[in-house]
Amino acid sequence: MISNYGEMELKWQKRWADKGLFRAIRDEKKPKFMVIFAYPGVTGYLHVGHMRGFSYADAIGRYKRMTGYNVLFPVGTHATGNGSISLAAKIEKGNEDMIDYLKRNGCPEEKIKDLTKPMNVVDFFNDVYVNEYWKRFGFLADWRRFTCTLYPDYAKFIQWQFRKLKENGLLIQKPYYAPSCIVHGPVAVDASETDISKGGNAETQEYVLLKFKHGDEYLVAATLRPETIYGQVCFWVNPDVEYVRMTYNGEKWIVSPQAFEKLQYQKDGVEKTGVIAGKDMIGWMCTAPALHKEIPVFPATFCDPNVGTGLVTSCPSDAPDDWISLEEVKKNPELKEKYGLSQELIDSVVPISIIEIKGYGEFPAQSIIQSMGIERPGDSKLVDAKKQVYKDGYHMGKMKANCDLIAGMRVEEAKDRMKEIMVAAREADIFYDLTEEVICRCGSKVLIKRIDDQWFINYADKDLTERTKEHCKSMHIEPTEYYNNVQGVLDWFRERACARLGNWLGTKFPYDEKWIIEAISDSTLYPIYYLISLYANEGRIKPDQMVPEFFDYAFLGEGDVEAVSKTTGIDVPTLKEIRDDVKYWYPLDLNLGGKEHMTVHFPAFLFNHTGILPQNMWPRGIMVNWYVTGKKKINTANNKLEGTKISKSKGGAQPIPGAVEKLGVDPMRLFYAHAASPFADVEWDEENVFSYKQRVEKILSFMDELMAMKDGKKSDVDDWLLSRMNTHIAEIEEAMDSFDIRQLASTVYFEMFNDFKWYVRRGGNDPETIRKAARLWIMTMMPITPHIAEEMWEGFGFEGMVAEAQLPEVDHTSRSSVTEYGEDFIRDVMADIQEIIKVTGMEPKRIVLYTPSEWKLQVYRKALALHKEGKLDIPTLTKNCMADETLRTKGKAVSDLARKVAQDYMRLSVDKLESVLGIDETEHLSAAAKFMSDEIGYPVEVYNADDEGRYDPNGKAKVAVPSKPGIYIE
RNA sequence: GCCGAAGUUGCCAAGCCUGGUCAAAGGCGACAGACUCAAGAUCUGUUCUCGUAGGAGUUCACCGGUUCGAAUCCGGUCUUCGGCACCA
């Protein structure tokens, strides 16, 4: 027994390290297997969930290692971006939450004060990931090759990669509208709020700016629904807002001050020329674009100067806000008075029905207002009403005949068409805005900014896409759903902005150093870099030497080695060695990553390989793993059991070191492997992990028992056990062809264990068989629970370490389905006996089994013979039996049995029938009678039905058929 | 909304591609028994319903279809989850 798991684990980790097992060294005589997991971002401590995918990679690597492959399993980290900048900034400011978080995860106090510099943060966590997570989990990764995206040598690689993209025509520049801090430049707006302090749910929306002419000025309204232009009847201005007069493109515009600020970031030559009070515009007449009709300007307080341009065109038929505000204007005499609007003018404004939506009346806005019971402007339900009617309109609506250029179109297409028409006629313009306020980490506003010379990787390139899609068909991608889906993902992938301006960590863009290469784009081709990082880490090559010619030679085999040596200053043998490594190890055999990578990293990873490297270096496999979710809780809202996301940033996640100490590495690895299919989320449940720990301990103590069996002898079950073991190994091989780690776990920790237990229960105790079988068993445990496997391996005194052992080929000669069936047969018979005892509630004095008469066996044998020829059916078998003199004398009994046999076995394998006939049941059951008596607790006797002297008061012998002996209990 | 995935017996979770050996693996929990001074220990059995003879009945979200036969194939419905881009 193991008294201290931690010590035991560390002991073996040290031995593996001392022996240098982690090192992957090129060996041309052996086939290679290169596996990575998508390296994690350095954003702080990881939690137990992250170890799931990482552990798969190690288990697969170990399995491959055991089955004859030379395995390269390198690791690294991804630190590009601003995660560590913001972490460092928080420490600097003494942010208590952050300091608390670090402490809670076991960061030593004295370390914390060092973490005020971003690079220190990166170095610190690199150390944590490697030592506290990966090494602690017993990974056999080639630590010498560790790399990080912020290392100077890595930067050289990325610069080369971008040069290649450019040379291959895959880098393009074009304008781009990106959320951008007014101080720091582009930021990422997403739910994790890595870059920002507020507004993670904001989305960028494209508005159409509609220009309403008034004199020589334009009132500019922003709309998401250009197709409603034909329904416009008036224009809304907020009387309480002071608007800005500005010039743009030789035109005079009026917009809200906020909109003016935003426009400055999106349009050139925008200038403020004055201001105008909203209330001064009330009562104006302006000309609507496209419609070319005069409409009046009315007051509306719902016009928010922060949204769009703060000016709104009114289409009451389809906009609930407009409808209700128009009603208000009509009903409210004060407004009339205040703004001097004539009754005549007001009366002239009537909604125009323009869109037909199933389930709505003539005026959709009116319908929804009535059904939701909204009565006045400002009602909070208006937000939902708007959403609903917009949504239904968009998907189900159809433009009515009065809509001129877009009449009869579905709203979906009318929208784009109308936009194009008006923009082309210079009656409209485009404008981008965020759906909610976004504030940068620095406290400044985030607005949408036009970037003219934004660099993109052109993933939309047709040729590249086709090539990549085609290649994916030949790849091994798990799960199958993703294999199918990736085709669509690759199609959907568009140009991707690949560089950023501002304060980011990362590699400088080689063609223009003001740009920093963006986080996704610098982590696509990197698996190949692990072949170089080894040399860089060992100081054999310096970043300065890693000029383009170096990579051209190393990766592409271009250039003359002597010349490259001269250019780079790297000696020829080293260059050749590197080139040989690349040729040997690449392509990557398996890239394993969480499901979040399916639409981002994996496609980019594929595209960069197919875009830069020759075809024989394109990746061979991808495996996607699902998550470990938080403990499920009852959601009181809907009374359902729901998992909660384990989140790095939000806390509440189980830190890894604590879990390791409490539960042990092997139980955790087993939990990851077995708790669910890799392609399903699994709940983190300590109780569950604990039960895996118990299973591991059970196996350990069971092994102790086996080791103690020194003087047993051979029996029938020995053959059975060895047959079972080989059958299981064949199963494992098949499962692991598709990296089915769960099946491996299931076979090894459950099925094999059960077989061993049965072996012992049946009296098996032969030391030679035990050693032989245990040897196989322990080896198959090595991928998932390597530490205890070593412990047992050593206990049995097997040579070397199991981590370097080779799993033998399946020994087909020792496999026998007849032998295996023999034990199933015993179990079935026992189950039948138990069933009878249970149902009758008897306290048996005597249990008698009857094996079937010879004539029945004859029928079965005939069935088998026919089955082998594929001719087993009822009439054929019956005829066949009746052709036999002795059988014919039995008459109906034979034909009845023949029918039953044919029916039962027609659709089953020949193998099954062969097994049933393969054993002599009388002999087999007699031999097992003692065992069964002991197990059941009552005496068991066995007779053959043809035995004249049998004890058979109930005539049970005659119901006996092969595989189903008659049973009599009294 | 679009795209994708899923709904299995108290819970977790296999099976579904390749229909029959599926009342449906395994684990957990529960129950009974064994062993114990004791143990979140271990072992054995049971765990949809009915049943004094190894059987029968009703199940794999719901409705319908294909088939001799469907948890598995097809169509539809409902529900849940994920992705929807500059975010690792």
Side-chain angles (χ1 to χ4, degrees), chain A residues 38-43 78 80-81 83 176 178-179 186-195 200 204 391-392 394-396 412 454 456 459 479-482 484-485 488-489 492-500 518-521 523 593-601 603-604 626-627 629 632 638 640-643 648 674-677 679-683 685 687-688 690-692 694-695 697-698 701-702 742-743 745-746 749-751 754 757 761 828-829 831-842 904-909 912 935 937 954 956 959 964-969:
Chain A
Y39 51 25
V42 181
T43 51
H78 182 260
T80 313
Y176 178 63
V187 292
V189 175
D190 76 315
S192 78
E193 302 194 342
T194 307
D195 291 359
T204 304
K391 203 162 115 180
D392 290 342
Y394 185 74
H395 296 288
M396 304 192 294
E412 256 180 280
Q454 172 70 51
F456 289 81
Y459 292 124
T480 321
E481 287 76 23
Y482 188 56
N484 295 326
N485 206 223
V489 172
W492 162 86
F493 226 67
R494 301 196 294 267
E495 300 96 344
R496 185 179 186 96
C498 60
R500 295 165 150 174
E518 168 277 333
I520 295 293
S521 305
S523 52
K595 63 180 176 181
E596 75 276 21
H597 293 303
M598 290 197 285
T599 52
V600 184
H601 166 66
W626 265 236
Y627 296 150
T629 61
K632 286 187 181 168
N638 57 12
K640 278 194 171 146
L641 207 57
E642 288 174 355
K648 280 194 257 197
H674 189 260
S677 140
F679 318 122
D681 285 335
V682 61
E683 175 191 345
D685 180 351
E687 296 280 315
N688 200 359
F690 189 81
S691 77
Y692 282 105
Q694 286 179 336
R695 177 150 294 263
E697 284 174 354
K698 264 188 243 181
S701 67
F702 181 72
R742 186 178 195 277
Q743 185 59 55
S746 190
Y749 300 90
F750 295 92
E751 290 173 34
N754 282 339
K757 283 195 287 190
R761 201 168 148 192
D828 287 347
V829 170
D832 279 351
I833 295 170
Q834 304 271 21
E835 172 88 359
I836 294 167
I837 294 172
K838 184 185 131 203
V839 170
T840 59
M842 295 166 87
D904 287 353
Y905 286 90
M906 231 152 49
R907 296 183 183 92
L908 296 183
S909 67
K912 173 79 186 170
E935 287 284 321
N954 252 9
K956 285 287 178 188
V959 303
K964 272 290 210 211
I967 299 170
Y968 171 67
I969 298 177

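The chains referred to below are lettered A, B, ... by the order of the sequence lines, with proteins before strands, and numbering in each begins at 1.
Counting any heavy atom pair closer than 4.0 Å across all strands shown, A:Glu835 reaches a base atom. Note on A:Pro603: nothing from the nucleic acid sits closer than 4.0 angstrom, heavy atoms only. At the heavy-atom level, A:Phe679 lies nowhere under 4.0 Å from the strands shown. Within 4.0 Å (heavy atoms only), A:Tyr749 reaches no atom of the nucleic acid at all. As judged by a 4.0 angstrom heavy-atom cut-off over every strand, A:Ala519 is placed among residues touching the sugar-phosphate backbone only. Within 4.0 Å of A:Ala178, counting heavy atoms only, lies no atom of the nucleic acid at all. Residue contacts for A:Thr80: at a heavy-atom cut-off of 4.0 Å it reaches no nucleic acid atom on any strand shown. Residue A:Gln454 is out of contact with every strand shown, counting any heavy-atom pair closer than 4.0 Å. As judged by a 4.0 angstrom heavy-atom cut-off over every strand, A:Ile833 is placed among residues making no nucleic acid contact. Nucleic acid contact class of A:Glu481 (heavy atoms, under 4.0 Å, all strands): sugar-phosphate only. In this structure, A:Tyr692 reaches neither bases nor backbone, as no heavy-atom distance under 4.0 Å exists between it and the strands shown. Residue A:Val682 is classed as having no contact, given no heavy-atom separation below 4.0 Å to the nucleic acid. Across all strands shown, A:Trp626 has no heavy atoms under 4.0 Å from either base or sugar-phosphate atoms.
Using C1' as the reference atom, B:A5 and B:C16 are 14 Å apart when rounded to the nearest Å. B:C22 and B:G15 are spaced 9 Å apart, taking the C1' atom of each and rounding to whole Å. Rounded to whole Å, the P atom of B:U66 lies 44 Å from the corresponding atom of B:C28.
Two residues are said to be in side-chain contact when any heavy atoms from C-beta on lie closer than 4.5 Å; A:Thr599 and A:Phe493 fail this criterion. Under the 4.5 Å side-chain criterion, counting only non-hydrogen atoms from C-beta, A:Cys498 is not in contact with A:Tyr459. In this structure the side chain of A:Arg494 never reaches within 4.5 angstrom of the side chain of A:Phe456, judged on heavy atoms. Counting heavy atoms from C-beta on, the side chains of A:Arg496 and A:Glu518 come closer than 4.5 Å. Taking 4.5 Å as the limit, some side-chain heavy atom of A:Ile520 sits within range of a side-chain heavy atom of A:Val600. A heavy-atom distance below 4.5 Å is not found between the side chains of A:Ile833 and A:Glu935.
Between B:A13, B:G51, B:G27, one nucleotide has an atom nearer to the side chain of A:Val839 than all others, and that is B:G51. Of the candidates B:C3, B:C86, B:G27, B:C3 carries the atom nearest the A:Asn485 side chain, counting heavy atoms from C-beta on. Across B:U46, B:G54, B:U52, the shortest atom-to-atom separation from the side chain of A:Lys838 is found for B:U46. Among B:A88, B:A13, B:G54, the nucleotide with an atom closest to any side-chain atom of A:Lys964 is B:G54. Here B:A14 is the nucleotide among B:G54, B:G27, B:A14 with the atom lying nearest to any side-chain atom of A:Ser677. Here the side chain of A:Pro965 is nearest to one of B:G54, B:G27, B:A85, namely B:G54. Each of B:A88, B:C3, B:C84 was ranked by its minimum atom distance to the side chain of A:Trp492; first place goes to B:C84. Minimum atom distance to the side chain of A:Ile520 is reached by B:A88, of the listed B:A88, B:A13, B:G51.
Regarding A:Asn754, its CG atom lies at a distance of 11 Å from the C1' atom of B:G27, rounded to whole Å. The nearest whole Å value for the distance from the CD1 atom in A:Ile967 to the C1' atom in B:A53 is 9 Å. Atom C1' of nucleotide B:G29 and atom CD of A:Glu683 are separated by 14 Å, given to the nearest angstrom. For A:Phe493 and B:A85, the CZ to P distance is 12 Å, given to the nearest whole Å. Going from atom CD of A:Glu751 over to atom P of B:G26 covers 9 Å, rounded to whole Å.
A salt bridge links A:Asp832 with A:Lys964: the distance from a Lys NZ or Arg NE/NH1/NH2 to an Asp or Glu carboxylate oxygen falls below 4.0 Å.
Judged by distance alone, the side chains of A:Gln743 and A:Ser746 never bring a donor and an acceptor atom under 3.5 Å apart.
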Review item, nucleotides 20-24 of chain B N/O atoms under 3.5 Å of protein N/O:
{"unit_1": "B:G20", "atom_1": "O6", "unit_2": "A:Arg907", "atom_2": "NE", "d": "2.8"}
{"unit_1": "B:G20", "atom_1": "N1", "unit_2": "A:Arg907", "atom_2": "NE", "d": "2.6"}

Nucleotides 39-44 of chain B: which of its N/O atoms have a protein N/O under 3.5 Å away?
{"unit_1": "B:G40", "atom_1": "N2", "unit_2": "A:Glu687", "atom_2": "OE2", "d": "3.4"}

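Map A:Thr599 and A:Ala497 each onto its nearest nucleotide of RNA chain B; the residue landing nearer the 5' end is A:Thr599.
With sequence neighbours left out, the ring-ring contact (aromatic ring centres under 6.0 Å, His included) criterion links A:His78 to A:Tyr39.
Under the Watson-Crick or G-U wobble criterion, with both distances below 3.5 Å, B:C60 is left unpaired in every strand shown.
For the pair A:His597 and A:Pro603, the tightest heavy-atom approach, listed with the atom from each and the gap, is O-CD, 3.8 Å. The heavy-atom pair separating A:Val959 from A:Gly966 by the smallest distance is CG2-CA, 4.1 Å.
Taking the ring centroids of A:His674 and A:Tyr692, they lie under the 6.0 Å cut-off.
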